[in-house]
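Presented below is the structure to which this report refers.
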Amino acid sequence: MKNLEPINQTKLYGLEKYFNILKEFYKQGNYPNKILISGQKGIGKSTLAFHIINYALSMDTNYEYDTQNFNININSPEF
């Protein structure tokens, strides 16, 4: 099941709403210094965290996060 690990998920499914909320906080400079993400095992908490981190780290690079399709660019060094 190695391919199902959160770090290997380049596409975000079902958590787009939460990604957009966190993305807007980041863009406005209102990002908190801590975020608690809770829920049942397997719902995508770690995957969401990997995606928002990749979004933030890949801004202004040649391999930006695809916010239209909620997809990590696999060529990104941040991935």
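Numbers for residues simply follow the sequence, beginning at 1.
- One finds the OG1 atom of Thr10 at 9.0 Å from the OH atom of Tyr65 (value rounded to the nearest 0.5 Å).
- If you chain together hydrophobic residues whose side chains sit under 4.5 Å apart, Leu48 and Ile43 never meet in one group.
- Expressed to the nearest 0.5 Å, how far CG of Asn73 lies from CZ of Phe79 amounts to 9.5 Å.
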Between Phe70 and Tyr13, does a ring-ring contact (aromatic ring centres under 6.0 Å, His included) hold up when you go through it step by step?
-> CA-CA 8 Å; Phe70 302 96; Tyr13 296 100; over 10 Å; no
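- Between the NE2 atom of His51 and the CD1 atom of Ile72 there is a distance of 4.0 Å, given to the nearest 0.5 Å.
- Hydrophobic clustering (side-chain heavy atoms under 4.5 Å, transitive across Ile, Leu, Val, Met, Phe, Trp, Tyr) groups Leu15 together with Tyr26.
- Atom CG of Asp66 sits about 7.5 Å away from atom NZ of Lys11, to the nearest 0.5 Å.
- Atom CZ of Phe25 has 12 or fewer heavy atoms from other residues, nucleotides or ligands within 6.0 Å.
- Here the shortest heavy-atom pairing between Gln40 and Lys45 reads O-NZ, 2.8 Å.
- Closest of all the heavy-atom pairs between Lys23 and Ile52 is N-CD1, 3.8 Å.
- Hydrophobic cluster membership is shared by Ile74 and Met59, with clusters built from Ile, Leu, Val, Met, Phe, Trp and Tyr side chains linked at under 4.5 angstrom.
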Please lay out, stage by stage, how Phe19 and Glu24 fare under the test side chain to side chain contact (heavy atoms under 4.5 Å, CB included).
-> CA-CA 9 Å; Phe19 178 88; Glu24 288 305 314; over 6 Å; no
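- No path of Ile, Leu, Val, Met, Phe, Trp and Tyr side chains, each step under 4.5 Å between heavy atoms, connects Phe50 with Tyr18, placing them in separate hydrophobic clusters.
- Annotation: side chain of Tyr63 is not in contact with side chain of Asn54 (no heavy-atom distance under 4.5 Å).
- Atoms CD and CG, on Gln9 and Asn71 in that order, are 10.5 Å from each other to the nearest 0.5 Å.
- Between the CD atom of Glu64 and the OG atom of Ser76 there is a distance of 10.0 Å, given to the nearest 0.5 Å.
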